[in-house]
Asks: 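Got a structure for you, questions after.
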Amino acid sequence: MVALTQAPSILWYFARAAGFVSLLLLAASVCVGIALSLRLRSPRFPMFLTEGLHRYLSTVLLVFVGLHVATLLLDPFAKFSIADMLVPFATSYKTLWTALGICAAELTVALALSVHVRRWIGYRAWRFIHYGTYSLLPLGLLHGIGTGTDSHSWWALAIYGITGVGVMALVFWRAGLGADEPVGSVSVDRAGV
């Protein structure tokens, strides 16, 4: 119990770690989602495994975002209220950067829930909503860089760089292929993966 009463508390370390793990899971989920949208396929890694991996990464992402929020709420030194954690621009702590993280977290939850209403809203509407995923990584990166107490350390910069550059490269590759390309026309052999 002493670890919770000393500054910084162990909860602060858990909050920071959960934030970085969330960013890595987000990047991985977006990358797998892009692979799904391109219909990348391989005899060694069938499409149903890619779909399952995407669902798994997205679920674990939600768990770590929840841990990030919960540990910040419980940390006696951070002193965040529920409103500070759920309402953008409500906190006085690095207001803009925290608001970007709140928006990213809430959009993540909304996108996760959209999967459950897809049959009622239709695939086309769901896909349009799902394009919101492309805003998540920039929001998460800006939140981490702006609020993170580790943002200037070499390892944090490496995580920001790897996630940002990796996802952006796939996004540009995806955009370069064009939306008019027939579904399933991109194979692992052609993609060079």
Side-chain angles (χ1 to χ4, degrees), residues 1-31 33 54-118 120-121 126 128-164 166-168:
M1 196 62 165
V2 172
L4 294 178
T5 59
Q6 296 176 348
S9 76
I10 189 117
L11 292 171
W12 183 247
Y13 292 108
F14 276 119
R16 289 164 39 206
F20 278 107
V21 171
S22 295
L23 185 63
L24 290 166
L25 287 166
L26 172 61
S29 180
V30 170
C31 289
H54 184 58
R55 277 192 304 274
Y56 176 77
L57 289 170
S58 300
T59 302
V60 177
L61 167 62
L62 289 171
V63 169
F64 274 90
V65 167
L67 282 171
H68 181 59
V69 171
T71 50
L72 285 172
L73 277 172
L74 295 172
D75 184 13
F77 295 97
K79 295 187 170 102
F80 287 115
S81 69
I82 291 175
D84 289 338
M85 299 301 294
L86 296 178
V87 180
F89 303 102
T91 185
S92 60
Y93 178 76
K94 299 184 180 183
T95 306
L96 173 64
W97 308 114
T98 303
L100 293 175
I102 292 168
C103 290
E106 291 175 354
L107 185 56
T108 299
V109 171
L111 288 167
L113 293 175
S114 75
V115 172
H116 301 292
V117 297
R118 183 168 66 182
W120 293 294
I121 65 173
W126 172 80
F128 179 76
I129 291 168
H130 218 69
Y131 280 123
T133 303
Y134 290 112
S135 66
L136 290 178
L137 192 72
L139 289 171
L141 280 170
L142 290 171
H143 167 69
I145 292 167
T147 61
T149 54
D150 299 309
S151 289
H152 299 293
S153 65
W154 68 268
W155 58 268
L157 292 171
I159 290 172
Y160 295 144
I162 290 167
T163 56
V167 170
M168 290 311 297

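For reference, positions follow the sequence shown, starting with 1.
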Asks: For L107 and S135, work out which heavy atoms get closest and say how close.
Replies: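 Reported closest heavy-atom pair: CD2-OG, 3.2 Å.
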
Asks: Taking all non-hydrogen atoms of both residues, which atom of K94 and which atom of G146 are closest, and how far apart?
Replies: CD-O, 3.2 Å

Asks: Would you check if the side chain of H54 reaches a backbone N or O of S29 as a donor-acceptor pair within less than 3.5 Å?
Replies: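 Yes; at least one donor-acceptor contact below 3.5 Å.
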
Asks: I'd like to know if the side chain of T108 and the backbone of A104 have a donor-acceptor N/O pair within less than 3.5 Å.
Replies: yes

Asks: Rounded to the nearest 0.5 Å, how far apart are CZ of F89 and CG of L96?
Replies: 5.5 Å

Asks: I would like to know whether I145 and L157 meet side chain to side chain contact (heavy atoms under 4.5 Å, CB included); could you show each step before the answer?
Replies: CA-CA 9 Å; I145 292 167; L157 292 171; over 6 Å; no

Asks: Got a sec: does the CH2 of W155 have more than 12 other heavy atoms crowding it under 6.0 Å?
Replies: yes

Asks: Is there a donor-acceptor contact under 3.5 Å from the side chain of D84 to the main chain of S81?
Replies: yes

Asks: I need the T163 OG1 to M168 CE distance, nearest 0.5 Å.
Replies: 11.5 Å

Asks: Let me confirm one number: the CG-CG distance from L23 to L137, rounded to the nearest 0.5 Å.
Replies: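 Those atoms lie 6.0 Å apart.
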
Asks: Starting at NE2 of H143, measure out to CH2 of W97 and round the result to the nearest 0.5 Å.
Replies: 11.5 Å

Asks: Carefully, step by step, assess L86 and I102 under the rule side chain to side chain contact (heavy atoms under 4.5 Å, CB included).
Replies: CA-CA 6 Å; L86 296 178; I102 292 168; 5.7 Å; no

Asks: Hey, could you give me the NZ/OG1 distance between K79 and T91, rounded to the nearest 0.5 Å?
Replies: 13.0 Å

Asks: For Y56, does the OH atom sit with more than 12 other heavy atoms under 6.0 Å from it, leaving out its own atoms?
Replies: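 No - once you tally the heavy atoms of other residues, nucleotides and ligands closer than 6.0 Å, there are 12 at most.
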
Asks: Tell me if a side-chain donor or acceptor on Y160 pairs with a main-chain N or O of G144 at a distance below 3.5 Å.
Replies: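 Checked: pair present.
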
Asks: What I'd like to find out is whether the side chain of I82 reaches to under 4.5 Å of the side chain of L73, using heavy atoms alone.
Replies: yes

Asks: Could you go through the side chain to side chain contact (heavy atoms under 4.5 Å, CB included) check for V115 and R55 one step at a time?
Replies: CA-CA 10 Å; V115 172; R55 277 192 304 274; over 6 Å; no

Asks: Write down the atom of V65, the atom of A105, and the distance for their closest heavy-atom approach.
Replies: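 Nearest pair, atom of V65 first, then A105: CG1-CB, 3.8 Å.
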
Asks: At what distance, to the nearest 0.5 angstrom, does CZ of F14 lie from CG of L72?
Replies: 13.0 Å

Asks: Find out whether W12 and T149 are in side-chain contact, i.e. whether some heavy atom of one side chain is under 4.5 Å from a heavy atom of the other.
Replies: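 Yes. Closest side-chain heavy atoms under 4.5 Å.
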
Asks: Apply the side chain to side chain contact (heavy atoms under 4.5 Å, CB included) test between L25 and each candidate in T59, L62, L61; give the one that qualifies.
Replies: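 Between L25 and the candidates, side chain to side chain contact (heavy atoms under 4.5 Å, CB included) is satisfied uniquely by L61.
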
Asks: Got L136 and L111 here, is their nearest side-chain heavy-atom distance under 4.5 Å?
Replies: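 Contact flag for L136/L111 side chains = yes.
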
Asks: Does any non-hydrogen side-chain atom of F80 lie less than 4.5 Å from one of V69?
Replies: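 Not touching, per the 4.5 Å side-chain cut-off.
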
Asks: Should T71 and I10 count as side-chain neighbours, where that means a heavy-atom distance under 4.5 Å?
Replies: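 Not touching, per the 4.5 Å side-chain cut-off.
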
Asks: Any non-hydrogen side-chain atom of S153 less than 4.5 Å from a side-chain atom of D150?
Replies: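 They are in contact (side-chain heavy atoms under 4.5 Å apart), so the answer is yes.
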
